[in-house]
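It should be emphasised that the depicted structure is a prediction, and the values quoted were computed from it without experimental measurement. In what follows, residues are counted from 1 in the order of the sequence shown.
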Amino acid sequence: KDSVVIGIQARISSQRLPRKALMPIKETTILGATIIRCLASELRTYVLTSNQVEDDLIENESKKYKVSGVLRGSLANVLSRYQNLEKETKAKYIIRVTADNPFTDTLGIINLANQTLNNNYLYLRNLEEDLPIGYHSELFNSKELYKPYNNNDLAKEHVTYSIKKNVKISYAESLNYGFNKINLKALECSIDNMSDYLK
């Protein structure tokens, strides 16, 4: 548990659906549901948001739950927020989660963490056919955050884009949930716009 941490990136200023992280899902919010799923893994969980005043709302919502911390940094440079997480925790591996995936799979997170015990992965994810879109998380070696190929504008916004382009992508052992293609499509739950939220 000391070598793996979870970083949930969240902000208020979503372009397609502003303030979506705080939109309600039953007794919680989209962000709250994501946090609950991550905390259930029993890994240290941090929320990474910006230092903009509007994201005080993200910090306040996060502190309703037993997160290990809320780290704040650049709005535009998401990569730097993950670098701050590495500096804060000294974790060898980071599991990246986005706050618009309130059904992020807890067992999927645990599966990624367990697979690192006897391996030295640079980038690891669950099999595409194991989980619907919106349930996935991804794990990477924190040293990759500082590689020269990661020093570009695309990487600053899309944290693992350059990592996936430059290292071997590894896949964790199957969770054996038994989804078929129809199930996977029907259960897609990443929230980008109002129709996704209503679904």
**Q** If hydrophobic clusters are built from ILVMFWY residues whose side chains come within less than 4.5 Å, do Leu131 and Ile133 share one?
**A** no

**Q** Working to the nearest 0.5 Å, report the span between CG of Leu122 and NZ of Lys164.
**A** 14.5 Å

**Q** So do Thr116 and Asn119 actually touch side chain to side chain, heavy atoms under 4.5 Å?
**A** no

**Q** Do Glu128 and His136 have side chains that approach each other closer than 4.5 Å (heavy atoms only, starting at C-beta)?
**A** yes

**Q** With rounding to the nearest 0.5 Å, note down the distance linking CG in Asn111 to OG1 in Thr106.
**A** 12.0 Å

**Q** Side chain of Tyr146, backbone of Gln83: donor and acceptor closer than 3.5 Å?
**A** yes

**Q** Taking all atoms of both residues into account, what is the closest heavy-atom pair of Ala155 and Leu79, and its distance?
**A** O-CB, 3.6 Å

**Q** Look at the side chain of Lys147 and the backbone N and O of Ile163, then say whether any donor-acceptor pair between them is shorter than 3.5 Å.
**A** no

**Q** With the side chain counted from C-beta on, respond yes when Val67 and Arg44 share a heavy-atom pair under 4.5 Å apart, and no when they do not.
**A** no

**Q** Does Thr49 offer a backbone N or O that forms a donor-acceptor pair with the side chain of Arg72 under 3.5 Å?
**A** no

**Q** Measuring from atom CD1 of Ile35 to atom NZ of Lys63, what distance do you get when rounded to the nearest 0.5 angstrom?
**A** 12.0 Å

**Q** Who passes salt bridge (Lys or Arg N to Asp or Glu O under 4.0 Å) against Glu54, sequence neighbours left out?
**A** none

**Q** Would you indicate whether the side-chain heavy atoms of Glu129 and Phe179 approach each other to under 4.5 Å?
**A** no

**Q** Are Lys92 and Asn141 close enough that some pair of their side-chain heavy atoms sits under 4.5 Å apart?
**A** yes

**Q** Can you give me the closest heavy-atom contact between Ala113 and Leu43, atom names plus distance?
**A** CB-CD1, 4.0 Å

**Q** Applying the 4.5 Å side-chain criterion to the ILVMFWY set and letting contacts propagate, would Tyr149 and Leu145 be lumped into a single cluster?
**A** yes

**Q** A side-chain contact here means heavy atoms from C-beta on lying under 4.5 Å apart; do Tyr93 and Ser142 qualify?
**A** no

**Q** If two hydrophobic side chains count as joined below 4.5 Å and joins carry through other members, does Val47 share a cluster with Phe103?
**A** no

**Q** Is there a donor-acceptor pair under 3.5 Å between the side chain of Asp196 and the backbone N or O of Asp192?
**A** yes

**Q** In terms of hydrophobic clusters joined by side-chain contacts under 4.5 Å, are Ile94 and Val78 together?
**A** yes

**Q** Nearest 0.5 Å, please: how far is CD1 in Ile30 from CG in Asn101?
**A** 10.0 Å

**Q** Which pairs count as side chain to side chain donor-acceptor pair (under 3.5 Å) when at least one residue sits in residues 19-37, sequence neighbours excluded?
**A** Lys20-Asp100, Thr28-Tyr65, Thr29-Glu61

**Q** Would you please test Asp105 and Leu175 for side chain to side chain contact (heavy atoms under 4.5 Å, CB included) and show each step?
**A** CA-CA 11 Å; Asp105 191 70; Leu175 294 163; 4.3 Å; yes

**Q** Should we count CG of Asn151 as having more than 12 external heavy atoms under 6.0 Å?
**A** no

**Q** Taking all heavy atoms of Gly108 and all of Asn126, pick out the closest pair and write down the distance.
**A** O-ND2, 3.1 Å

**Q** How many angstroms lie between atom OH of Tyr121 and atom NZ of Lys168, to the nearest 0.5 angstrom?
**A** 8.0 Å

**Q** Let me have the donor-acceptor pairs involving side chains of residues 5-14, under 3.5 Å, with sequence neighbours excluded, atom names and distances please.
**A**
residue : atom : partner : partner atom : Å
Gln9    : OE1  : Tyr82   : OH           : 3.1
Gln9    : OE1  : Arg96   : NE           : 2.9
Arg11   : NH1  : Ser13   : O            : 3.4
Ser14   : OG   : Leu17   : N            : 3.4
Ser14   : OG   : Leu17   : O            : 3.4

**Q** Under the side-chain hydrogen bond (donor to acceptor under 3.5 Å, both in side chains) criterion, do Glu144 and Tyr123 qualify, and how do the steps go?
**A** CA-CA 9 Å; Glu144 297 303 308; Tyr123 178 88; over 6 Å; no

**Q** Tell me whether Leu127 shares a hydrophobic cluster with Val97, the cluster being built from Ile, Leu, Val, Met, Phe, Trp, Tyr side chains joined at under 4.5 Å.
**A** no

**Q** Are Ile95 and Val4 packed together at the side-chain level, in the sense that at least one heavy-atom pair is separated by less than 4.5 angstrom?
**A** yes

**Q** Evaluate the side-chain proximity of Leu112 to Ile109: yes if any heavy-atom separation is below 4.5 Å, no if none is.
**A** no

**Q** State the CD1-OG distance between Ile58 and Ser50, to the nearest 0.5 angstrom.
**A** 8.5 Å

**Q** What are the two closest non-hydrogen atoms of Glu138 and Thr160, and how far apart are they?
**A** OE2-OG1, 2.9 Å

**Q** If you draw a 6.0 Å radius around NZ in Lys199, do more than 12 non-hydrogen atoms from other residues or ligands fall strictly inside?
**A** yes

**Q** Taking all atoms of both residues into account, what is the closest heavy-atom pair of Ser74 and Asn51, and its distance?
**A** N-ND2, 4.1 Å

**Q** Do Lys90 and Glu86 sit within salt-bridge range, that is, some charged N less than 4.0 Å from a carboxylate O?
**A** no

**Q** Between Leu184 and Asn180, is a side chain to side chain contact (heavy atoms under 4.5 Å, CB included) present by the stated rule, with each step listed?
**A** CA-CA 6 Å; Leu184 289 172; Asn180 59 41; over 6 Å; no

**Q** Please report the closest heavy-atom contact between Asn183 and Gly178, naming both atoms and the distance.
**A** OD1-O, 4.4 Å

**Q** Go through Tyr177 and Leu107 one step at a time and tell me if the side chain to side chain contact (heavy atoms under 4.5 Å, CB included) criterion holds.
**A** CA-CA 10 Å; Tyr177 281 168; Leu107 294 180; 3.2 Å; yes

**Q** Is it the case that atom CD1 in Ile182 sees more than 12 heavy atoms from other parts of the structure closer than 6.0 Å?
**A** no

**Q** Answer yes or no: are there more than 12 heavy-atom neighbours, outside Glu173 itself, under 6.0 Å from its atom CD?
**A** no

